[in-house]
Amino acid sequence: MKTVCFDIETASADELYTYGSGFCRLAGYALGDGPVVLTTDMDELCAVLRSADRVVAHNAIGFDLAALEHWHGLDVGLLVGQGRVRDTLLMARHIDPPLSGSIDARRYGLDAIAKRLDLVGKLTTGGESTLKGLADEFGGYDAIPTDDERYRAYLVQDVEVLREVSTYLGFDEYLRREHQVMWRLNHITRYGFKVDVGEVQRRLTAQAQRVAVLRESLGRLYGLPTTGKAPQRSKEGIAALERAFVDCGVEPPRTDGGSLATNKDALAALLDEHPDNVALIELVGVLRAISRERSVVQTIGDHTALDGRVHPSVAARQTSGRISVTKPGLTVLGKRDRANVLERSLLLPDAGDVLIAFDLSQVDARAIAAHCQDPAYISAFEPGKDYHTEMAVELFGDPGRRDDAKPVTHATTYGMGAKGLAASAGIGHFEAQSLLNTLDARFPELARFKKEVRTRAERKGLVWNAFGRPVRIRRGSEYTQAPAAIGQGTARDLMMEGVLRLPMWLLPCLRAIVHDEIVLSVPSDLADEAEEAVLRALQFNFRISSGATPVPILAEKSDRGRDWSDCYRSEKDRWPEVDRSHRELSMCDDADCTWHGGLAP
DNA sequence: ATGTATCGCGCC
DNA sequence: AAAGGGCGCGATACAT
């Protein structure tokens, strides 16, 4: 068994796919227990890795191997496919999964893992990372001389820490699969997503003008400061707004924490209470308008590289195992709100391509159905049946109340109480409680499963789904988090199952993943084949064990888009501006059109 | 200068 | 006893 631990010093990490061939600067590797060898010759390193039975690195799939694959032609797909790669980041997340929230963000660096294991950590100088200090001293990670002894010593230590840490981390079938998943998803980062650069600039300019007008109004009418990017959120601005509410004759709305609430629900509630207060209507109008101004266009622009594309980071860092797509965050672009849906139109297919989005149908609920094995719940997902209609029959005895049944599904997966259901469904507390009772009565195995998974979480602090993914559950939050963790975590693994089933030729076409949706840019003349291949990959029967009743996993494809919004033109046919052809018209007769009503040049 | 918390926008 | 889960990102305030 020949094991190689290695690490590479590079130019700035966020330039992985854009820097150029000198990105990899200095490599360190160790064979077995042998000494750490340093080299600037990446071909030498690649040869060593090709001949190894085990290739070990921290964030190997996302970074070191990715860099060698991109700039030096290493066949990482082969290494991963043969199960020869050990990525200690993926292994550490699996053996010690993160809690939700931001607390755990720094837990998985090599240094943090070493410290938790009571091992020697990475090299530091005067309390900060030696590497960071060198980058500051020489003016950039790509300016540190490769013969600098401190640089070399830092790298040697890194490889030695890695070697120590790796002996504590186990490997299993799930991890083997996870390595392949992440290698496949990395194509999103590598190939990037084409940006409509001119349109980004145009919208930024237009937005700056809108904001300037709104800020001028806030200053003139209510005495807010006019400096800073968001004067309405500064201390002085908040004080002025509180005075403005009082001047309108109303008590300033408050958040739970007692500070001034300016979110849209609070403002809507206030207007409901005082429908005839003209001064209040004006104040709320300006506040709403300025808080609706989002910065996603700026964020996309900031992350657009010189190749005119964004190369977002893709990682399974969320507690549920869900995939984060960040820098820029593509999971948050508009879709449900008419005012924001055109944010996606800034992202384009490659020249000669079309964009196609594929989404899994009610996949969280199907995941729960497969796990609980409730016959009535599973039968709602039989081919040819409509899940929400079946739920309407079970809950109300009336297939016509499909829309009333929809919000209840969230209650099934997320442990929603009567209060929350009443609020989200717009019904009374009593009716909500009675719905929840009906749910438990009609789907007894579902109720039993939720109870069981909560108990498991209380005992172990973790739950495991049928794929073998562990999800950590916060103490005291088992009631809501545990069932949700099975739903989300399994939905994630079902989508990844589909990604693993994609033919290799489609991997460079991957552009984005948004939990239950993947987006591909495919050559127009291959669109038929691509659609067929993706749907074949994403759809299958899911069985949690050999004797269990299977649940069908189904997917739908979008329209072929000339931009990402354009993919949804049929789905959102009430919003004509979603259709790129509509945006090419010089005018339109829909008074609410967000394009002709404001965004158009 | 850098990091965390809070708030607010949005998404699945 | 009651309990809707998971995120990204920007702006500000404040601590270090």
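Protein chains get the first letters and strands the later ones, always in sequence-line order, with residue 1 at the start of each. Excluded from the calculations below are hydrogen atoms, water molecules and symmetry mates; all remaining heavy atoms, backbone and side chain alike, are included.
No side-chain N or O of Tyr108(A) forms a donor-acceptor pair with one of Asp96(A) less than 3.5 Å apart.
Checked for salt-bridge contact, Glu178(A) and Arg93(A) miss the test: no charged N lies under 4.0 Å from a carboxylate O. A salt bridge links Asp136(A) to Lys132(A): at least one charged side-chain nitrogen sits closer than 4.0 Å to a carboxylate oxygen.
Among the protein residues, Leu360(A) comes within range of no part of the nucleic acid, since none of its heavy atoms lies under 4.0 Å from any strand. Within 4.0 Å (heavy atoms only), Ser320(A) reaches no atom of the nucleic acid at all. Heavy atoms of Gly228(A) sit under 4.0 angstrom from primed sugar atoms or phosphate atoms, though from no base atom. Heavy atoms of Ala261(A) sit under 4.0 angstrom from primed sugar atoms or phosphate atoms, though from no base atom. If you check every strand for non-hydrogen atoms under 4.0 Å, Thr262(A) touches sugar and phosphate atoms only. When heavy atoms are screened at a 4.0 angstrom cut-off, Arg344(A) is found touching the sugar-phosphate backbone but no base atom. Across all strands, Ser477(A) comes closer than 4.0 Å to no nucleic acid atom at all (heavy-atom distances).
In this structure, the side chain of Ser521(A) does not engage the main chain of Leu355(A) through any donor-acceptor pair within 3.5 Å. Listed for the Gln539(A) side chain is a donor-acceptor partner under 3.5 Å among the backbone atoms of Ala555(A). Under the 3.5 Å distance criterion, the side-chain polar atoms of Ser295(A) are left unmatched by any main-chain donor or acceptor of Gln298(A).
Ser345(A) pairs with exactly one of Glu199(A), Arg203(A), Glu577(A) by the side-chain hydrogen bond (donor to acceptor under 3.5 Å, both in side chains) rule, that one being Arg203(A).
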Pairs under 3.5 Å (N/O, protein and nucleotides 14-16 of chain C):
none

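Of the candidates dT12(C), dG8(C), dT2(B), dT2(B) carries the atom nearest the Lys132(A) side chain, counting heavy atoms from C-beta on. With dT12(C), dC9(B), dC12(B) as the choices, the nucleotide that has an atom nearest any side-chain atom of Ser234(A) turns out to be dT12(C). Each of dG5(C), dC7(C), dG10(C) was ranked by its minimum atom distance to the side chain of Ala484(A); first place goes to dG5(C). Nearest nucleotide to the Ala230(A) side chain, out of dA13(C), dG6(C), dA11(C): dA11(C). Distances were taken from every side-chain heavy atom of Ser291(A) (C-beta onward) to each of dT12(C), dC9(B), dG4(C); the shortest belongs to dC9(B).
Between His371(A) and Phe542(A), the ring planes lie tilted relative to each other; the angle falls in the 30° to 60° range.
One can place CE of Met416(A) at 13 Å from P of dG6(C), the figure rounded to the nearest angstrom. Following rounding to the nearest Å, Leu421(A) (CG) and dG4(C) (P) show an atom-to-atom distance of 10 Å. The CG-P distance, from Leu260(A) to dA11(C), rounds to 20 Å in whole Å. Rounded to whole Å, the distance from NE2 on His303(A) to P on dC9(C) is 7 Å. Arg366(A) has its CZ atom 18 Å from the P atom of dC12(B), to the nearest Å. Rounded to whole Å, the distance from CD1 on Ile427(A) to P on dG4(C) is 14 Å. The interatomic distance linking Leu436(A) (CG) with dG4(C) (P) rounds to 10 Å, in whole Å. The nearest whole Å value for the distance from the CZ atom in Arg492(A) to the C1' atom in dC12(B) is 15 Å.
Every side-chain contact (heavy atoms from CB on, under 4.5 Å) that Asp404(A) has, sequence neighbours left out, goes to Phe396(A), Arg401(A).
Residue pairs meeting the ring pair (Phe, Tyr, Trp, His ring centres under 6.0 Å) criterion with at least one partner in residues 314-345 of chain A, sequence neighbours excluded, do not occur; the list is empty.
When the side-chain nitrogen and oxygen atoms of Thr326(A) are compared with OP1 and OP2 of dG8(C), none of them lie within a distance under 4.0 Å. Look at Lys419(A) and you won't find any side-chain N or O under 4.0 angstrom from OP1 or OP2 of dG4(C). Contact check, Ser100(A) against dG6(C): a side-chain N or O comes under 4.0 Å of OP1 or OP2. When the side-chain nitrogen and oxygen atoms of Thr299(A) are compared with OP1 and OP2 of dC9(C), none of them lie within a distance under 4.0 Å. Listed pair Arg317(A) / dG8(C) meets the phosphate criterion, a side-chain N or O lying under 4.0 Å from OP1 or OP2.
Contact of Gln488(A) with dG5(C) (side chain to base): a donor-acceptor pair of N or O atoms is detected under 3.5 Å.
For Glu293(A), the CD atom is densely surrounded, since the number of other residues' heavy atoms within 6.0 Å is greater than 12.
At a non-hydrogen distance threshold of 4.0 Å, Thr331(A), Val332(A), Leu333(A), Gly334(A), Lys335(A), Arg336(A), Asp337(A), Asn340(A) from residues 328-342 of chain A come into contact with DNA chain B. DNA chain B is contacted by Val514(A), His515(A), Asp516(A) of residues 511-518 of chain A, taking any non-hydrogen atom closer than 4.0 Å.
Judged by the 6.0 Å distance and 45° axis criteria, Lys122(A) is not positioned over the aromatic ring of Tyr154(A).
The shortest distance between side-chain heavy atoms of Leu599(A) and Gln207(A) does not fall below 4.5 Å.
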Determine all donor-acceptor pairs shorter than 3.5 Å in which one atom belongs to a side chain in residues 429-446 of chain A; sequence neighbours excluded.
unit_1: Gln433(A); atom_1: NE2; unit_2: Asn437(A); atom_2: OD1; d: 3.1
unit_1: Asn437(A); atom_1: ND2; unit_2: Gln433(A); atom_2: O; d: 3.4
unit_1: Thr438(A); atom_1: OG1; unit_2: Ser434(A); atom_2: O; d: 2.8
unit_1: Arg442(A); atom_1: NE; unit_2: Glu394(A); atom_2: O; d: 3.4
unit_1: Arg442(A); atom_1: NE; unit_2: Glu394(A); atom_2: OE1; d: 3.0
unit_1: Arg442(A); atom_1: NH2; unit_2: Glu394(A); atom_2: OE1; d: 3.4
unit_1: Glu445(A); atom_1: OE1; unit_2: Arg448(A); atom_2: NE; d: 2.7
unit_1: Glu445(A); atom_1: OE1; unit_2: Arg448(A); atom_2: NH2; d: 3.1

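In this structure, Tyr479(A) forms an aromatic stack with the base of dA3(C), since both conditions hold: centre separation below 5.5 Å and plane angle below 30°.
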